[in-house]
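Computed from a predicted structure; not experimentally measured. Numbers restart at 1 for each chain; the letters A, B, ... are given by sequence-line order, proteins then strands.
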Number of protein chains: 2
Amino acid sequence: MDKPDSPSQFAPLGRDGLVDRVANLLGEAIIRGKLKPGSRLSESVIARDLGTSRAPVREAARLLESSGLVAYQPNRGFFVRKISAQELDDLYELRIVIETAAALRVVREAPEAAIDGLAAQIETLRGVSTPEVDMLTQMEADMEFHRRMIAASGNPRFSAIFDQLAKETELCVMVIGRLYGDPRWIADTHLPILEALRARDETAAKDAIEYHIGEARRLVTQQFRTLEE
Amino acid sequence: MDKPDSPSQFAPLGRDGLVDRVANLLGEAIIRGKLKPGSRLSESVIARDLGTSRAPVREAARLLESSGLVAYQPNRGFFVRKISAQELDDLYELRIVIETAAALRVVREAPEAAIDGLAAQIETLRGVSTPEVDMLTQMEADMEFHRRMIAASGNPRFSAIFDQLAKETELCVMVIGRLYGDPRWIADTHLPILEALRARDETAAKDAIEYHIGEARRLVTQQFRTLEE
DNA sequence: TTCATGTCGACTGTCGACAATTTCTTGACA
DNA sequence: TGTCAAGAAATTGTCGACAGTCGACATGAA
């Protein structure tokens, strides 16, 4: 697909800014549960730990804020976002809306090749869907399927929203500490979605999405509510 | 600490941080067309003009970036976002998705009082829907109806997305320089939505939303494409 | 001319310091 | 013992300065 005549033997040299590196570090730490929801993100200590000044840390925190992982309180600083069961429920409702809309577009106009990519991702997902594999790995394989499906819809707006929702979802599941159901079962409920997309069946796609995400919504929010006391 | 009788309507600026004030100023300037899409937002000159340092300006710009009004290029700075016709089309597609979903929830569970508020807003909209009134005022009255309807859905996520889309929509319409149709007609196409919500008719609500926003989408993107050459 | 290279100016990226605000501590007092 | 206020400590908000990077223009060779 690339390098027709330009033998650019050098990779574009990752010149991520300092801000992006800090943001990735913090984001990872949050999603992996190293930083618990509600805990303070002190600019000073992070800056000292990373050997930078506070300015990049601050910008990174603002970035994470717009990603929904961090909450900002004026004159008080940044905190790892604490998501309520209600917010989680709203989040899943939005996911259903977005993914249903994306699936309809996929049914209508996505090329067959894109759907093949989804099938491959389900295989990947099934491959990691065993109790031995790290939970985060499983969840990310799951999310990757949804990400690809939404990308196949062709509307980058859908993808942008999903990326944010996915991060917050991961955060919540990490808080719960385990997946919301049997890994194998979770992987298999993706199959009806794929079949509906293949068959170009709008109604079936809508139903499959609503069932798949709806079940996750039900199970996750339920477990989440028990944690809230 | 605080004044018990402080007239909060006179001191909204003093309480907001400097960053928010700068962000509002810049956002207004962009939406009002004082800053044309593609033009550079130089941190230095803005800071000098406002009598602050660059730090608050930078943070404000990042805020506007997550609002979609400003684009950021590493090592080059901030620019007023230049929206393509394709992006505008995607934006409207998302608006249809979100507002349809919100309308369904309103039909299902919104209290009657909320719908009354929508009716009142349509009256306000009709009041300003004359050629003499400022275009931005008309558009904001229009957007306010949608904002209230989505707020009535009870899912703050829908509102958050809409607020961003609304700003970008305003930006695009300002670029076009005039409304996309007869003001009176625009105001009146809100009525079927209201009636469907009142009647608690899901299908009618969906159709009314799709027609209303779909027409705007068609007209706006069409006019926008002619500007792109 | 046309392309590559060198130089310059303007801007952003990062920094350390100080001011403003919040939070914690402490001790007086009922 | 509990409450509250004043001060201390810690943290955020803002600032001015300097270094790093990018784009534009000039210079020179093919």
Side-chain angles (χ1 to χ4, degrees), chain A residues 5-26 29-30 35-66 69-82, chain B residues 1-4 6 8 11-26 29-30 35-66 69-82:
Chain A
D5 60 340
S6 98
S8 71
Q9 59 195 112
F10 297 115
L13 185 51
R15 51 205 157 109
D16 276 358
L18 188 51
V19 172
D20 296 86
R21 260 182 295 168
V22 175
N24 287 337
L25 238 66
L26 289 180
I30 292 174
L35 295 168
K36 301 267 184 290
S39 63
R40 180 185 218 118
L41 294 181
S42 166
E43 300 174 10
S44 331
V45 316
I46 294 172
R48 187 150 20 85
D49 287 356
L50 298 179
T52 72
S53 80
R54 278 172 46 213
V57 175
R58 230 179 129 74
E59 287 204 27
R62 280 233 124 104
L63 241 51
L64 293 176
E65 189 202 4
S66 61
L69 291 182
V70 157
Y72 168 71
Q73 294 179 260
N75 285 319
R76 305 217 329 112
F78 297 91
F79 300 80
V80 179
R81 174 123 176 265
K82 207 187 229 162
Chain B
M1 186 70 65
D2 54 345
K3 301 184 175 181
S6 104
S8 64
L13 291 185
R15 260 330 185 197
D16 280 353
L18 188 50
V19 172
D20 297 86
R21 262 182 293 170
V22 175
N24 287 335
L25 238 64
L26 289 179
I30 292 174
L35 295 168
K36 302 266 185 289
S39 62
R40 182 187 215 118
L41 293 181
S42 167
E43 300 174 11
S44 330
V45 317
I46 293 172
R48 189 149 18 85
D49 287 356
L50 297 179
T52 74
S53 80
R54 277 172 47 214
V57 175
R58 223 179 136 76
E59 290 203 28
R62 279 233 127 104
L63 241 50
L64 292 176
E65 190 202 5
S66 60
L69 291 182
V70 157
Y72 169 70
Q73 292 179 260
N75 286 320
R76 305 226 323 113
F78 297 91
F79 300 81
V80 179
R81 173 120 177 266
K82 209 184 222 163

Measure from CZ on Arg21(B) to C1' on dT14(D) and round the result to the nearest Å. 12 Å
Side-chain contact test, heavy atoms from C-beta onward, threshold under 4.5 Å: evaluate it for Arg40(B) versus Phe78(B) and give yes or no. no
If you pin Thr52(A) and Glu43(B) to their nearest nucleotides in DNA chain C, which one's is more 5'? Glu43(B)
Closest to side chain of Leu18(A), choosing from dT11(D), dT23(C), dT14(C): dT14(C)
Sort out for me which residue in Arg48(A), Arg76(A), Arg54(A) forms a salt bridge (Lys or Arg N to Asp or Glu O under 4.0 Å) with Glu43(A). Arg54(A)
Starting the side chain at C-beta, find the nucleotide from dG13(C), dT12(C), dT23(C) nearest to Tyr72(B). dG13(C)
Separation of atom CZ in Arg48(B) from atom P in dT12(C), rounded to whole Å: 11 Å
Can you tell which of dG13(C), dG13(D), dT12(C) lies closest to the side chain of Asn75(A)? dG13(D)
For Ser39(A) and Leu35(A), the nearest pair of non-hydrogen atoms, with its separation, is OG-C, 4.1 Å
Over how many whole Å does the gap from Phe78(B) atom CZ to dC22(D) atom P extend? 16 Å
Phe79(B) CZ - dA10(C) P separation (whole Å): 16 Å
Please check the phosphate of dT12(D) (OP1 and OP2 only) for any side-chain N or O of Ser44(A) closer than 4.0 Å. yes
5'-most contact on DNA chain C: Pro74(A) or Ser53(A), nearest heavy atom basis? Ser53(A)
Nucleotide nearest Pro56(A) (side chain, heavy atoms from C-beta), chosen from dT12(D), dT14(C), dC11(C): dT14(C)
Side chain to side chain, Thr52(B) and Val57(B), heavy atoms closer than 4.5 Å: yes
Is Val19(A) close to Leu63(A) at the side-chain level, that is, under 4.5 Å between some pair of heavy atoms? yes
Atom CG of Leu41(B) and atom P of dC11(C) are separated, to the nearest Å, by 13 Å
Calculate the interatomic distance between Gln73(B) atom CD and dT12(C) atom P; express it in whole Å. 11 Å
Of the listed nucleotides dT12(D), dG23(D), dT14(D), the one nearest the side chain of Val19(B): dT14(D)
Once you round it to whole Å, what is the distance between P of dT12(D) and CZ of Arg58(B)? 19 Å
Under 4.0 Å between any heavy atoms, over every strand shown, what does Arg54(B) touch: base, sugar-phosphate, or nothing? Just pick one. base
